[in-house]
Amino acid sequence: MTQQPLTLEQLEPLELQAPVVAPRRPSPAPTATPPLRMTDFSASYAGRPAVAGVTLDIPAQSVTAFIGPSGCGKSTLLRSINRLHETIPQATTAGRIELHGEDVYGPGVDPVVVRQRVGMVFQRANPFPAMSIRDNVLAGAKLRRQRLSKTAAAELAESALRAANLWDEVKDRLRQPGAGLSGGQQQRLCIARAIAAQPEIILMDEPCSALDPISTLAIEELMATLRRDYTVVIVTHNMQQAARISDQTAFFSASALRQPGRLIEYDDTTTVFSHPGEQATADYIAGRFG
Amino acid sequence: MTALAAAPLAIRAPLARERLSRRRRWTEKVAAASLGVACLAALLPLGSLIWTVLSRGLARLDTTFFTQSLRGVVGAGGGALHAIVGTALITVLTALIAVPVGLLTAVYLVEYGRGWFPRAVTFLVDVMTGLPSIVAGLFAYAVFSLILGPGARSGLAGAVALSLLMTPVVVKAGEEMLRLVPTDLREAALGLGAPTYRVVLKVVLPTARSGLISAVMLGLARIVGETAPLLLVAGFTDSMNYDPLHNRMATLPVYIYSQWQNKGTDAAAYDARAWTAALVLIVFVLAIHLLARLAGRLLAPKTR
């Protein structure tokens, strides 16, 4: 557990059987080409595997949560989807991750293009300190040398900030530096930045773990609306959060210390939390380890 | 937790412990006093230096000093305009060589370098940092003698020698400043689908801007006072020389040295000029530092 679970429970009574965010969807049925498909995927740091043999399909326009104890490789897996894992020296991968049927690790694939289609929100809010709020939102276009007309830029900034539920709070100070916002606002600014880059998939690496309960609630509400347009994959340490916001849950765990994490169970969130198929999942959810 | 909840009465120490407290107070006083003495010892020579330079240099701090050269001057009078211009020209030329090379090397080492090559570069830069300045001077002397014939002296040769000294300082300091930019920001920019060079241009360099300017200023401060290499390759002259490509060019440090070394009939006049030139040089270095501070403050990323 990473943050004040008591306060969170006060805010929103925990009900494992029925996650709060409506509506329920049928179990992740394998479609012809899901937006994201992993096949026997493994990732290592300097020869030491962090996560191994992951095979799963992530359906479109839904929220998929990766949960599991620390060190089970769920963040590494997430960072492999947009090929950020390989920016660490000596980091390697094996297996396939397909984006609409195309292997992101295939020959001739430019990681820059992959990252343009797969956005990411990080654990710690990281707005660019040398840019204003507006420039932070438009950073994606700026960094890719896309030229926007003045009106198009203004519209893009506004719609992204509205989508991130931040517009009303910052509309009068768009020219001020992004670092002047509160932690929760900064994280929503980073979400707006990711949205403005117009990705197909948004990856979130524990986006609430550094935030207070109120900001966490704001971002959870935001995710409920994001899933209408985007495929969201979120890593979280907070099981209540996974239960509240996700449609599918993937549980990862390592058999022992220094062993790679493996996918233990992947199913509809309701099923994972109410009738887990594996004893390890049941133990983790019940708080018996991890 | 329960074990810590309440200590048994027997081992609770009384709040007032006269003897131990007194010893601690004394230790504290002695420590604070020795720190103060160390600070004074460090500042004393500096204070004395500033006082001496001010008291002896103010005498010739007149308009003539800044408007005339030493051409045809025997004894009193004359100025150091030719040396001031020379120092300015050579400093600018040195910066033109050392800043691009130094900053680009720093960017390469921090953002691109992988494997043995950046390690070799880092090692060589470390070696260069300790390079005696006279060796840099001899190097430039040799290079220009080979190209232009033996004994060729010019402002440019001086700039080449000084850039050898400035580049490693800029690389080292620039590297430190770039490493201060959080990895988070690089990952955020990469995650938005930016190629590495855009990440460097649009995120890393603007974030490190004020630090990089400090790095450049540190390098400049390192070389404006250099004497030995300039004595060797830029030489000394009593006349104005605005052309850094040909002939000897005077600089403030060499001016100080030559005034003190080659006193004419009126020795006091030569000494006075040397002190004033020293004062001007110190003010020059101080101005560079203040500019660096100011630029750093104005260009630092704002938080509100």
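Just the heavy atoms: all of them, side chains too, but no hydrogens, waters or symmetry mates, feed the values below. Computed from a predicted model, the values in this text were never measured in an experiment. By convention in this document, chain letters (A, B, ...) are assigned in the order of the sequence lines, proteins followed by strands, and residues within each chain are numbered from 1.
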Check: Counting N and O atoms only, with roles assigned by atom type, does the side chain of A/R115 sit under 3.5 Å from a partner on the main chain of A/N82, one being a donor and the other an acceptor?
Finding: yes

Next item on the list: For a side chain to side chain contact (heavy atoms under 4.5 Å, CB included) with B/I90, tell me which candidate from B/V92, B/L93, B/T94 qualifies.
Entry: B/T94

Item checked: Residue part contacting chain B, namely of A/V114, when any heavy atom lies under 4.5 Å -> neither

Note to self: Between A/E86 and A/R79, does any side-chain N to carboxylate O distance fall below 4.0 Å?
What the structure shows: no

Item checked: chain B contact via A/F122 - side chain, backbone, both or neither, heavy atoms under 4.5 Å -> side chain

Check: Distance only, no hydrogens: is a donor on one side chain within 3.5 Å (strictly under) of an acceptor on the other, for A/D212 and A/S215?
Finding: yes

Check: So which part of A/P127 gets closer than 4.5 Å to some heavy atom of chain B, the side chain, the backbone, both or neither?
Finding: backbone

Next item on the list: Output the option from A/R124, A/R83, A/M131, A/R173 having the highest count of non-hydrogen pairs under 4.5 Å with chain B.
Entry: A/R124

Next item on the list: Would you mind checking if A/R188 and A/E169 are paired as a salt bridge, meaning a charged N to carboxylate O distance below 4.0 Å?
Entry: yes

Next item on the list: Could you tell me which of B/G193, B/A194, B/P195 has the largest number of non-hydrogen atom pairs under 4.5 Å with chain A?
Entry: B/G193

